[in-house]
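To start, the structure itself, in structure tokens.
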Amino acid sequence: MGNDGYLPLFETKRAKGRTLYRVFAGSIFVGICLIWSYRVSHVPRHGEDGRLVWIGLLAAELWFGFIGSLLKLTVGTLYGNEFLLCLCMVVRYGNELPGVDIFVCTADPVIEPPMMVINTVLSVMAYDYPPEKLSVYLSDDAGSQLTFYALLEASQFAKYWIPFCKKFNVEPRSPAAYLDSISISDDSKQPKELATIKKLYEDMKNQVENVAKLGRLPEVHLRHKGFSEWDSYSSRHDHDTILQILIDGKDPNAKDSEGCVLPTLVYVAREKRPQYFHNFKAGAMNALVRVSSAISNGQIVLNVDCDMYSNNSLAVRDALCFFMDEKKGHEIAYVQFPQNFDNITKNELYSSSLRVISQVEFHGLDGYGGPLYVGTGCFHRRDTLCGRKFSREIHNEFKIDIPKDREREETIAVLEEKSKVLASCTYENNTAWGKEMGLKYGCPVEDVITGLSIQCRGWKSVYYNPERKAFLGVAPTTLAQILVQHKRWSEGDFQILLSKYSPAWFANGKISLGLQLGYCCYCLCATNCLAVLYYSIVPSLYLLRGIPLFPELSSPWFLPFAYVVISKYMYSLAEYLWSGGRVLGWWNDQRIWLYKRTSSYLLGFIDTIAKSLGLHSDSAFVITAKVSKQEVYRRYVKEIMEFGDSSAMFTALATIALINLVCLIGLMKKAILNEGIPIIYETMLLQFVLCAILVLINWPLYQGLFFRKDNGKMPKEIMEFGASSSSAMSSLWANTALLNFTLPAWSGAVEDGLNHGFNEP
């Protein structure tokens, strides 16, 4: 407490080790400058072999140095904040706490099963927060009767689940997650009420899943008035607004089994018409902002994806500690919690945890004024979402701007009809929605561009990563899913860079330079594909031809290359381990780093350039699947990489992997036959190591191509294309008969010599 008697609701502490880190980063930069000097001073003369390739390597190394320095200066500076919260907020503010509206978004009952959706809804309904100030809205962009039915069942189950959670201080408050966590415990130590809750949950689950299997609702379930909303329903892309207030928190009769007030619960399926573009998740969120303003009008808005259940019942109070602080709270527009997942394998097969981003990079951005808005697990001020600009004269208005009870003569039916207009297709016509108000339109990553716009209006944001994770979701379980997800992210970020909202000029002078550069780092992700692709192919091809592209082992120029490479990867490993990872997890992270840049980012870059030239239509919003087949999930748990389906991204990965394999085998054969191993060691060590590491890191891909017999192996057509193209390219490049074998020769060798490979148990 300060001398003025002021007790802050949060305290900020700077991370330690910044000076040491800057010295280390400076030494890396010196090494990079020496590498550039080597490239410039050793360019082959006109007419000499490899001149253009040498210039290409210089361009790639200039890019690596630029983007690496940018990362070290911004998101990797160890300049982050650590927060200590004071949870005396309830005592200080009592009944003057703000209303909180929670938005849960779903768009497909097949990819996002209703049981998963309602578990998320129930987890946020059970927050440790006054229920009369809590309202939960489910946006169903599929307009599914099944999802509505599941939510209707959840509204009944909530009457028992919420008091059970509060009585026994349950964590987490997703019924499925909680019941799974205590299933291995001794039931004799559990409260008697647990058996009742288990039975109620299983009954609800069986009813919902039986209806899902049946594909339609039995007549007995259609008696609720809400199902009449589907009378005018044509398809998920053509229907009226469907809006039902399932629980009215202001209704004195809406009580749980203990007689306590229940949170408000609302189902919304905004109007869809084929002739109107619906703007995907951004459009759904904006509809919820408007609808909720007419029903509950909470000053704080939380949005979560439908798979991202609450893992910490105190998360609302944590966020409000930032918003309600008397001295600093008025500057904060949103509080972003990290994305975490509850289905990550031990060694993080697909690097889905985003470990370094959440544990290091976003903390670095926090030191420059706040993190990016990532689209889920984020608490917003409602007025900032609606376009309000920051002013020094703004003071926290939570104490006086408390939602008043609606006039009782306004019935639920009247309120529903009035609110439906706010979710109609035509409501946004000739308005600022999607431009100056609400989430921005026209970009696959509407969250990032919205957060940037808010910060450019003068607001700050906060990144808070508590010890107990606030939200847990479902990570992709196949390689295709993770690559498609990162294609959308990188493509969207690159589109921002080329748009009028580019942080390079739109944010200039409006946010701190460090934060501006941090945004540029992420927006430039897609462009990394060119340098990485070049480095992944060209040195290996020239290795096969016996042409060195790096300094000899005996040359003093070898030292800066060795220092930069070793230091960079040792630091990367230490950073990953410090973030809670494992060594094998770091190795998997390096593999996915390579795969993203040579497939996801490459296609995202091409699509964005094509769209900019008018050769490609607007990007579609691809929903990441939240469920997997049992066979696929079994392989995922065993950390066996999943390929299965044909994909342009798999074709690119297979071709690059096979080029490196062919080059390495060809080089070793030439070296053994000609006894040239010492020459390789002396003159082309760095090239050889690079090629060998690329082969080693692609081992799971080779397994999928040649050894595995399960359904998750690489499709045959990709193997044929990759083998033939890599063999042809390497043979032509090497100008030797060494690699003049055909695809049948590949297949025969694999079939005869490797038939006892890595089959799935």
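Values reported hereafter were calculated over all heavy atoms of this structure, with side chains retained and with hydrogens, waters and symmetry mates removed. In this chain, residues are counted from 1 in sequence order.
- Ring geometry, Phe24 versus Tyr21: the interplanar angle falls from 30° to 60°, so the pair is classed tilted.
- Using a 4.5 Å cut-off on side-chain heavy atoms (C-beta onward), Phe337 and Asp318 make contact.
- Contact detail for Val474 and Asp307: the closest heavy-atom pair is N-OD2, 2.9 Å.
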(Q) Pair Arg317, Met324 - check side chain to side chain contact (heavy atoms under 4.5 Å, CB included), show working. (A) CA-CA 10 Å; Arg317 296 173 185 248; Met324 301 187 70; over 6 Å; no

Q: Decide side chain to side chain contact (heavy atoms under 4.5 Å, CB included) for Phe471 and Tyr309; before the verdict, give the C-alpha distance in whole Å, the side-chain angles of both, and the deciding distance to 0.1 Å.
A: CA-CA 6 Å; Phe471 304 96; Tyr309 68 83; over 6 Å; no

Q) What do the steps show when you test Cys105 against Leu288 for side chain to side chain contact (heavy atoms under 4.5 Å, CB included), and what is the final call? A) CA-CA 10 Å; Cys105 295; Leu288 287 182; 4.2 Å; yes

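- Taking a cutoff of 4.0 Å between a charged side-chain nitrogen and a carboxylate oxygen, Asp607 and Lys487 qualify as a salt bridge.
- For the pair Tyr463 and His363, the minimum side-chain heavy-atom distance is below 4.5 Å.
- Summarising the geometry, atom CG belonging to Asn340 is positioned 11.5 Å from atom CZ belonging to Arg468; distances are rounded to the nearest 0.5 Å.
- The structure places CD of Gln516 at 11.0 Å from CH2 of Trp505, a figure rounded to the nearest 0.5 Å.
- For the pair Tyr522/Val448, no side-chain contact is recorded, criterion being any heavy-atom separation below 4.5 Å from C-beta on.
- Side chain of Lys510 to main chain of Phe506: a donor-acceptor pair is present (N/O by atom type, distance under 3.5 Å, no hydrogens or angles).
- Rounding to the nearest 0.5 Å gives a distance of 7.5 Å between CG of Leu497 and OG1 of Thr527.
- Between the Ser461 side chain and the Pro371 main chain, a donor and an acceptor come within less than 3.5 Å of each other.
- Remark: Lys596 engages no residue in a salt bridge (Lys or Arg N to Asp or Glu O under 4.0 Å) (not counting sequence neighbours).
- In this structure, a donor-acceptor pair under 3.5 Å is absent between the side chains of Tyr519 and Asp493.
- In this structure a side-chain-to-backbone donor-acceptor pair under 3.5 Å is missing from Ser579 to Gly581.
- Atoms OG and CH2, from Ser572 and Trp593 in turn, are 10.0 Å apart once rounded to the nearest 0.5 Å.
- The aromatic rings of His278 and Phe280 sit perpendicular, their planes meeting at an angle over 60°, well past the 30° parallel limit.
- The closest donor-acceptor contact from the side chain of Thr241 to the backbone of Glu271 lies under 3.5 Å.
- A distance-only check finds a donor-acceptor pair linking the side chain of Arg173 to the backbone of Ala126 [under 3.5 Å].
- Thr450 approaches Leu439 most closely through the heavy-atom pair OG1-CA, 3.4 Å.
- The local environment of CZ in Phe341 is crowded, with over 12 non-hydrogen atoms from other residues, nucleotides or ligands closer than 6.0 Å.
- Residues passing the salt bridge (Lys or Arg N to Asp or Glu O under 4.0 Å) test with Asp101, sequence neighbours excluded: Arg382.
- Annotation for Arg381 and His330: closest pair NH2-CA, 3.3 Å, computed over non-hydrogen atoms.
- A donor atom on one side chain and an acceptor atom on the other are not found under 3.5 Å apart for Thr264 and Tyr137.
- At a threshold of 4.5 Å between non-hydrogen side-chain atoms, the residues Cys523 and Phe494 do not count as touching.
- Within the 3.5 Å criterion, the main-chain N or O of Ser174 finds no donor-acceptor partner in the side chain of Ser123.
- Judged by distance alone, with hydrogens and angles left aside, the side-chain atoms of Asn279 form no donor-acceptor pair with the main-chain N or O of Tyr441 at under 3.5 Å.
- Distance check, rounded to the nearest 0.5 Å: CG of Leu354 to CG of Asp589 gives 9.5 Å.
- Listed here is the closest heavy atom pair of Tyr368 and Leu515: CB-N, 3.6 Å.
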**Q.** Glu491 and Thr608: CA distance, side-chain angles, deciding distance, side chain to side chain donor-acceptor pair (under 3.5 Å) verdict
**A.** CA-CA 6 Å; Glu491 184 178 351; Thr608 301; 4.5 Å; no

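- Ile482 places a side-chain heavy atom less than 4.5 Å from the side chain of Ser352.
- When side chains are defined from C-beta on, Ser293 does not count as touching Val289, because their heavy atoms never get closer than 4.5 Å.
- Residue Gly451 comes nearest to Tyr373 through the heavy atom pair CA-CB, 3.9 Å, listed as atom of the first residue, atom of the second, then distance.
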Q: Could you please spell out the steps behind the side chain to side chain contact (heavy atoms under 4.5 Å, CB included) verdict for Val356 and Tyr576?
A: CA-CA 6 Å; Val356 173; Tyr576 194 88; 4.0 Å; yes

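- Between Ile162 and Pro131 there is no side-chain heavy-atom pair separated by less than 4.5 Å.
- Lys460 contributes atom NZ, which lies 10.5 Å from atom CG of Asp366 (distance to the nearest 0.5 angstrom).
- Summarising the geometry of Cys386 relative to Met437, their closest heavy-atom pair is O-CG, 3.5 Å, with the distance given to 0.1 Å.
- In the model, Gln455 has a side-chain atom that pairs as donor or acceptor with a side-chain atom of Tyr334 under 3.5 Å.
- Scored by the salt bridge (Lys or Arg N to Asp or Glu O under 4.0 Å) test, Arg355 finds Glu348 as partners (sequence neighbours excluded).
- At least one cation-pi condition fails for Lys272 and Tyr276: the charged atom is not both under 6.0 angstrom from the six-membered ring centre and inside a 45 degree cone around its axis.
- Side-chain atoms of Asn303 and Met285, non-hydrogen and from C-beta on, do get closer than 4.5 Å to each other.
- Lys420 NZ: more than 12 foreign heavy atoms inside a 6.0 Å radius.
- Donor-acceptor pairing under 3.5 Å is lacking for the side chains of Asp128 and Ser313.
- The existence of a salt bridge linking Asp140 and Arg270 is excluded, since no basic side-chain nitrogen approaches an acidic carboxylate oxygen closer than 4.0 Å.
- When each of Asn286, Asp305, Asp141 is checked for a side chain to side chain donor-acceptor pair (under 3.5 Å) with Lys281, only Asp305 meets the rule.
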**Q.** Candidate pair Glu428 and Arg290, rule salt bridge (Lys or Arg N to Asp or Glu O under 4.0 Å), full reasoning
**A.** CA-CA 11 Å; Glu428 295 180 351; Arg290 296 190 297 269; 2.8 Å; yes

